[in-house]
Structure formats: C-alpha cells, structure tokens
Amino acid sequence: MIMSRIEAPRDDVTGNLLDRLRTGLPADAVLADPDVTASYANDMASFCAAGAPSVVVLPRTVEQVQHVMRTATELRVPVVPQGARTGLSGGANATDGCIVLSLTKMDRILEINPVDRIAVVEPGVINATLSRAVAEHGLSYPPDPSSWEMCTIGGNIGTASGGLCCVKYGVTAEYVLGLDVVLADGRLMSTGRRTAKGVAGYDLTRLFVGSEGSLGIVVRAILALKPQPPRQLVLAAEFASASAACDAVCRIMAGGHVPSLLELMDRTTVKAVNDLAHMGLPESTEALLLAAFDTADPAADLAAVGALCEAAGATQVVPADDEAESELLLQARRLSLTALEAVKGTTMIDDVCVPRSRLGEMLEGVERIAEKYGLTIGVCAHAGDGNTHPTVCFDAQDPDESRRARESFDEIMALGLELGGTITGEHGVGVLKREWLAREIGPVGVEMQRAVKKAFDPLGILNPGKLF
C-alpha cells in the first residue's frame with residue numbers, strides 16, 4: 001500500500017486532516033491514495049451503501065488510537081472502526097469523508113493466564129489464532145464464528161458474534177470480562193474486571209459488546225477461557241422434511257441433552273455443498289441434522305440423541321466412528337455459505353433467531369417465501385439456538401432478481417418477528433437492518449438507545465448511519 005501526499009487529493013479539510021493525523025502516527029500508518037482507501041470501503045454485506053473515506057489509518061498502539069480520536073473530535077470528522085471486514089450487515093462500511101480506523105495491526109496476545117483462565121488481547125487478534133494459542137495451555141476460547149480463520153476479536157466484540165458451539169458454550173458477550181475503550185474524545189476508559197465475579201456499577205462492558213463501534217473503540221479485551229474439552233464426535237441424521245428435523249431438535253433440547261453443536265442444513269444447502277465440494281452428502285434428504293458431543297462418553301450421548309431423531313422420523317442416523325469422520329461432517333456445514341454463494345454468484349445472508357419451539361414454522365415460512373419470489377433460498381441454522389441463516393441466492397446483474405431478493409429478505413425478517421424472534425442473532429444491525437431494529441425494539445427503545453449513544457458520542461462521529 002502506498003500513501004503519497006502528491007497522489008492523495010487535498011482540499012483544505014482533507015489536507016488539514018492528513019497533516020494532523022501524521023503528527024501522531026507513523027508515515028506508513030496513514031493511507032490516503034484513493035485507490036487504496038477505496039479497498040477499505042465496505043464489508044461483505046450486499047445491498048449496503050458505502051462512502052468514500054478521506055483516509056485510512058492503521059494504528060499499532062492505544063496512544064495512536066487516542067490521537068486519531070482527538071483529531072477527529074477537533075475537526076468533527078466521522079470515524080468508522082474496522083476489523084477484518086468479514087461482517088454481513090454493512091456495519092464496517094465507510095461514510096463519505098470519514099477516517100477508516102482499521103485495527104488489524106493491533107494484533108498482539110498480551111497475556112494468557114491459566115490460573116485466572118483469562119486472555120488479554122488487542123482487537124486485531126484473529127479468532128483462530130487466539131484459539132490455537134490458548135489450546136497450548138490446555139484451554140479454549142469457545143466463540144467460533146464461521147469466519148474464525150479471518151475475523152478479529154474486536155470485530156467479534158463489536159457484533160456480539162456467535163458460532164457453531166453456542167448451543168453449549170454461549171456467545172461472545174459471555175466471554176468478555178473487561179475492556180479498554182478509547183472514547184470519541186480520545187479519553188481512555190476501562191470497564192469490567194479480571195475476576196471471576198464482579199458487580200460494581202453498571203455493566204458497561206456488556207454495553208459495548210454488540211455496539212458495532214458506535215460508542216467507542218475497543219483497544220484491549222480481557223476474555224474468559226474454559227478448559228479444553230475432549231474431542232467431539234458428530235452424528236448425522238437425515239429427515240424427509242424440515243419440520244421433522246426441527247421436531248428432533250425440540251426433543252433433544254427438551255430431553256435435557258447438552259450437545260456441543262446442533263446444526264441443520266436444508267435440501268438446498270446440502271445440494272449446494274455437494275455441487276461445490278463433491279462431499280457425497282445425501283441429496284435425497286429434505287434436511288440434514290448434525291449433533292455433536294464433547295463429553296466423557298460421546299458415543300453414549302450420540303446413541304441417545306440418535307434414538308430421539310428416529311422417534312421424530314429420521315430416515316437414517318449415522319454416528320461418526322472417529323474424529324476424522326466427525327471433522328468431515330463439520331466441514332460440510334462450514335462450507336454451507338460458500339456453497340450457496342456459488343449457486344448464483346451473490347447472496348443475502350439473513351440472521352433471524354426464533355424460539356426453538358418455532359423453528360419448524362420458520363423453515364416452512366422461508367420455503368413459502370422462496371416459492372413466492374421464484375428464488376433459491378437455502379437455510380443453514382444453529383438449530384440448537386433457533387438461529388437461522390436463510391440465504392437468498394441471486395444474480396446481482398439482474399435488476400428484477402435483485403429486487404425480489406431484497407423483498408424476500410425483508411419478508412424473512414418479518415416472519416422472524418411474527419414468530420417471537422429477533423432480526424439478528426449474531427451478525428449485527430449495521431446498515432442492512434436499521435429499519436428493522438426500529439420495528440423490533442419500538443419507538444421508546446430507539447429513543448433510549450439514542451440517548452445512550454449521545455452520552456458516549458455527543459458529536460455523533462463514531463460509525464454514523466449504523467444501527468439507527
């Protein structure tokens with residue numbers, strides 16, 4: 001990446017901004033070439049507008065982040081925080097004239113403490129990197145988004161992300177004990193604790209988790225760790241209908257079982273994975289349910305769950321014999337979104353979470369919506385959480401198909417709310433779901449959330465245009 005004062009366009013505002021930023025940042029941390037800054041304009045979401053940033057900065061220290069925010073406050077310039085830009089809601093999209101604050105260079109694991117079972121990390125640490133590092137100490141960091149090989153801890157905190165293992169181990173918010181946050185005016189605030197317990201004052205730590213960079217810039221996180229669990233074994237169950245698979249999910253959860261993973265792939269998703277990777281999944285099935293256990297005796301747990309699947313109407317139940325076979329089944333699930341993208345070239349990935357008891361109604365409703373709009377919509381789901389990912393496949397070069405894709409996406413969110421669910425279980429609101437957030441939380445909820453935003457960011461410079 002090349003930054004040049006000559007190549008970068010300079011008007012009075014931009015020139016003053018660049019000069020001020022350079023006084024507290026290394027030369028290679030300030031990128032102003034338009035061809036370079038344009039590459040930081042957006043995340044991976046469809047149908048989300050992105051502006052042209054004035055500059056991209058890549059700080060390496062807390063002090064450098066503070067300098068950026070002080071400069072932005074003094075000059076009244078908006079700041080858009082970014083991690084790896086793997087988000088799916090436009091939450092990291094630039095606005096015109098903004099400073100893009102990329103935190104990817106702040107990527108140090110500062111501490112791993114096996115006694116206190118915590119890790120202290122900078123926001124640019126890759127999720128998978130942290131997971132592998134703590135595993136060397138016999139520990140685990142459970143939150144595992146599908147993009148875990150690319151996404152950053154800071155991004156995970158910003159969107160309160162989830163993953164495949166949430167049914168047993170919970171989401172990111174449950175593992176963030178404390179934060180160091182640079183506020184809009186450049187002040188540094190610490191929240192939370194290093195201890196296992198603590199209830200002093202309002203829980204500001206939890207407030208920042210899921211705030212999508214709209215309240216402050218996370219520059220350090222204290223994360224809870226768990227003992228490394230035994231290797232899990234996976235079971236695959238085929239069903240003649242999605243409703244039967246969802247019935248099995250209800251039976252498993254009502255029976256008191258605690259799977260480490262409970263995932264569902266519908267017929268469309270299974271076919272897409274086979275077309276992409278030739279994995280030999282059973283395309284005759286209407287729904288494929290994957291259940292995993294990482295207990296002391298996973299085979300016994302799988303047998304019990306297999307019996308429940310058969311009682312719900314499973315046409316075939318196949319428990320994996322070993323870790324390698326289990327990993328093959330999980331790889332199929334991890335390929336779901338990539339495979340669905342290959343169907344038409346573009347996807348809109350919904351993120352509607354409903355009560356587990358309404359999961360069958362959700363999948364049936366999505367099928368009706370797909371038929372109504374004449375579109376391919378595949379569903380993969382964290383079924384144990386009720387968190388569905390209906391994925392609309394469409395040709396972005398076809399205006400009519402793009403319109404139908406957007407309308408179907410909105411109908412899916414409306415369906416989720418009708419079933420007592422939420423518009424986002426783990427991807428965040430960003431730009432894509434601003435209107436729907438207002439519908440979900442209501443006018444009083446919007447008013448109070450805007451009041452919180454104003455308390456932390458009175459000038460409105462932090463990630464403007466996101467959430468509401």
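In this text, all values refer to a predicted model and were calculated from it rather than measured experimentally. Residue numbers run from 1 in the order of the sequence given.
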Original post:
Going by atom types only, do Asp144 and Asn127 share a side-chain donor-acceptor pair under 3.5 Å?
Top reply: no

**OP:** Can you label the angle between the His389 ring and the His427 ring as parallel, tilted or perpendicular, going by 30° and 60°?
**Re:** parallel

Subject >> Criterion side chain to side chain contact (heavy atoms under 4.5 Å, CB included) against Leu262, the qualifying member of Leu289, Asp385, Leu290, Leu164 >> reply: Leu289

Original post:
Does the side chain of Ser260 come under 3.5 Å of the side chain of Gln232 through a donor N or O and an acceptor N or O?
Top reply: yes

Original post:
Can you find a side-chain donor-acceptor pair between Asp410 and Trp436 that sits under 3.5 Å?
Top reply: yes

**OP:** Might you work through the salt bridge (Lys or Arg N to Asp or Glu O under 4.0 Å) test for Lys168 and Asp294, ending with a clear yes or no?
**Re:** CA-CA 10 Å; Lys168 179 175 182 177; Asp294 58 6; 2.6 Å; yes

Subject >> Sidechain N-carboxylate O distance under 4.0 Å for Glu149, Arg132 >> reply: yes

Subject >> Pairs flagged by salt bridge (Lys or Arg N to Asp or Glu O under 4.0 Å) wherever residues 422-433 is involved - sequence neighbours left out >> reply: Asp350-Lys433

Subject >> Test side chain to side chain contact (heavy atoms under 4.5 Å, CB included) applied to Thr205 and Thr191, Leu177, Val181, the passing residue >> reply: Thr191

Subject >> Phe409 ring center near Phe394 ring center (under 6.0 Å) >> reply: no

Original post:
Taking the six-membered ring for Trp, are Tyr169 and Tyr141 ring centroids under 6.0 Å apart?
Top reply: no

Original post:
Looking just at side-chain N and O atoms, do Ser190 and Asp180 make a donor-acceptor pair shorter than 3.5 Å?
Top reply: yes

**OP:** Give the C-alpha distance, both sets of side-chain angles, the deciding distance and a yes or no for salt bridge (Lys or Arg N to Asp or Glu O under 4.0 Å) between Glu174 and Arg206.
**Re:** CA-CA 9 Å; Glu174 296 166 62; Arg206 185 64 72 98; over 6 Å; no

Subject >> Residue that, paired with Glu122, satisfies salt bridge (Lys or Arg N to Asp or Glu O under 4.0 Å) out of Arg108, Arg220, Lys105 >> reply: Arg108

**OP:** Apply salt bridge (Lys or Arg N to Asp or Glu O under 4.0 Å) to Glu74 and Arg70, showing your working.
**Re:** CA-CA 6 Å; Glu74 290 168 9; Arg70 291 188 188 110; over 6 Å; no

